[in-house]
Amino acid sequence: MTTDVTFEYDESVIGVEVPIGAEEVTAEKIATFCSALGESNPIYTDPAAALAGGYTGLVAPPAILQTLRLDPAPSAKVKFGNTAFHSGMRFEVVEPVLAGDTISVSAQVKEVYAKTGRTGTMVFAVTKFTYRNQHGRTVANTESSTVHRQVER
Amino acid sequence: MTASDALGGQRYFDDVESGDEFTDSWSPTGEQVVAFLTVSNRTAPGPNRFTDDEEARKIGMTKAIVPGQMSLCRATDFVTDWMGPSGRLRSIDVNFRRPAVHDEPLKVVGLITDTLDDDGATTVKLDVYFENERGERPLQGVAVVELPRR
């Protein structure tokens, strides 16, 4: 349920989209990612398999977008509680990313809200990330939630 | 390589139904966490809650924790490995219900909850979660995948 709890944040950043960087997704980065996560789908590891599967080149695993080297996203600077944790993510894949694509990322604080549950009151800040390729087409969207709360130590 | 070779690990819509379950295991090591932080340029000078047990204890954790984005990546790869080369991940939506910690043995589970043939667009909805040895679920989510017909 929602609550009337008091907390402070920077309202001026809500809905303001800011570019936070761009990176080429190289075949080397794809190989490193697949190795680190144990990815074995052949369209991500073998260019011949990707071609046979109807793609024009080696495909990047969708989750590789979570490892792009970016500037910090805008922050609502929530003042509540004594700790903050990453509480969830929604990742929508729009179209494949291929080796050699350059992905530009923009971010905006979508919303800040409070909820009270059985463990107390929490304040959530939701940041939306939009990933576009070199042709200007959106390839993916992510919404990432951070929860702020008071924890006894 | 022929298409049939490439599609050897393909999952087909015709072959799956609600209630089907598939599993894997994952026990993220400190070295893997550091590798993930490095590849994603999230390394920070000095120890932190993702790399150091003492730092993690300062925020109430039992030991160093796994970054949420790394857990999302593992869950996503689990699904994309399962669906095969001609599958297409549409979305994955996860909640981090409690931190996963270094070296914790986790069972990774996919459970099909719905299949939908909408005018030829064949999609599968599945629950995805990590479960530790105490039956707790550090990650719980839902994925939607397009699968081809045979």
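By convention in this document, chain letters (A, B, ...) are assigned in the order of the sequence lines, proteins followed by strands, and residues within each chain are numbered from 1. What you see is a predicted model, and the numbers here were worked out from it, not measured in a lab.
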Report, as yes or no, whether the 6.0 Å neighbourhood of atom [atom1] on [X] holds more than 12 heavy atoms from other residues, nucleotides or ligands.
X	atom1	result
B:Lys63	NZ	yes
B:Lys125	NZ	no
A:Gln150	CD	yes

Portion of A:Val59 that has a non-hydrogen atom of chain B nearer than 4.5 angstrom: neither
Contact class of A:Thr32 relative to chain B, heavy atoms under 4.5 angstrom: side chain
Under 4.5 Å from any heavy atom of chain A - which part of B:Arg49: side chain
Structural part of B:Thr76 lying under 4.5 Å from a heavy atom of chain A: side chain
Closest non-hydrogen atom pair between [X] and [Y], with its separation:
X	Y	result
A:His86	B:Gly68	ND1-CA, 4.0 Å
A:Arg69	B:Thr38	NH2-O, 3.0 Å
B:Pro85	A:Asn41	CA-OD1, 3.5 Å
B:Cys73	A:Ala63	SG-O, 3.5 Å

Backbone of A:Val94 reached by a side-chain donor or acceptor of B:Arg88 within 3.5 Å: yes
Non-hydrogen side-chain atoms of A:Thr67 and B:Phe36 separated by less than 4.5 Å: yes
Shared hydrophobic cluster, B:Ile112 / B:Ile92 (ILVMFWY, side-chain heavy atoms < 4.5 Å): yes
Polar contact flag, side-chain donor to acceptor under 3.5 angstrom, A:Ser40-B:Asp81: yes
Among the listed options B:Leu139, B:Val144, B:Val94, the residue most often paired with chain A at heavy-atom distances under 4.5 Å: B:Val94
The single option from B:Thr80, B:Leu89, B:Asp77 passing side-chain contact (heavy atoms from CB on, under 4.5 Å) against A:Pro61: B:Asp77
Top contributor to chain B interface from A:Asn141, A:Thr142, A:Val93 [non-hydrogen pairs under 4.5 Å]: A:Val93
From B:Arg97 atom CZ to A:Ser87 atom OG, the distance as rounded to the nearest 0.5 Å: 12.5 Å
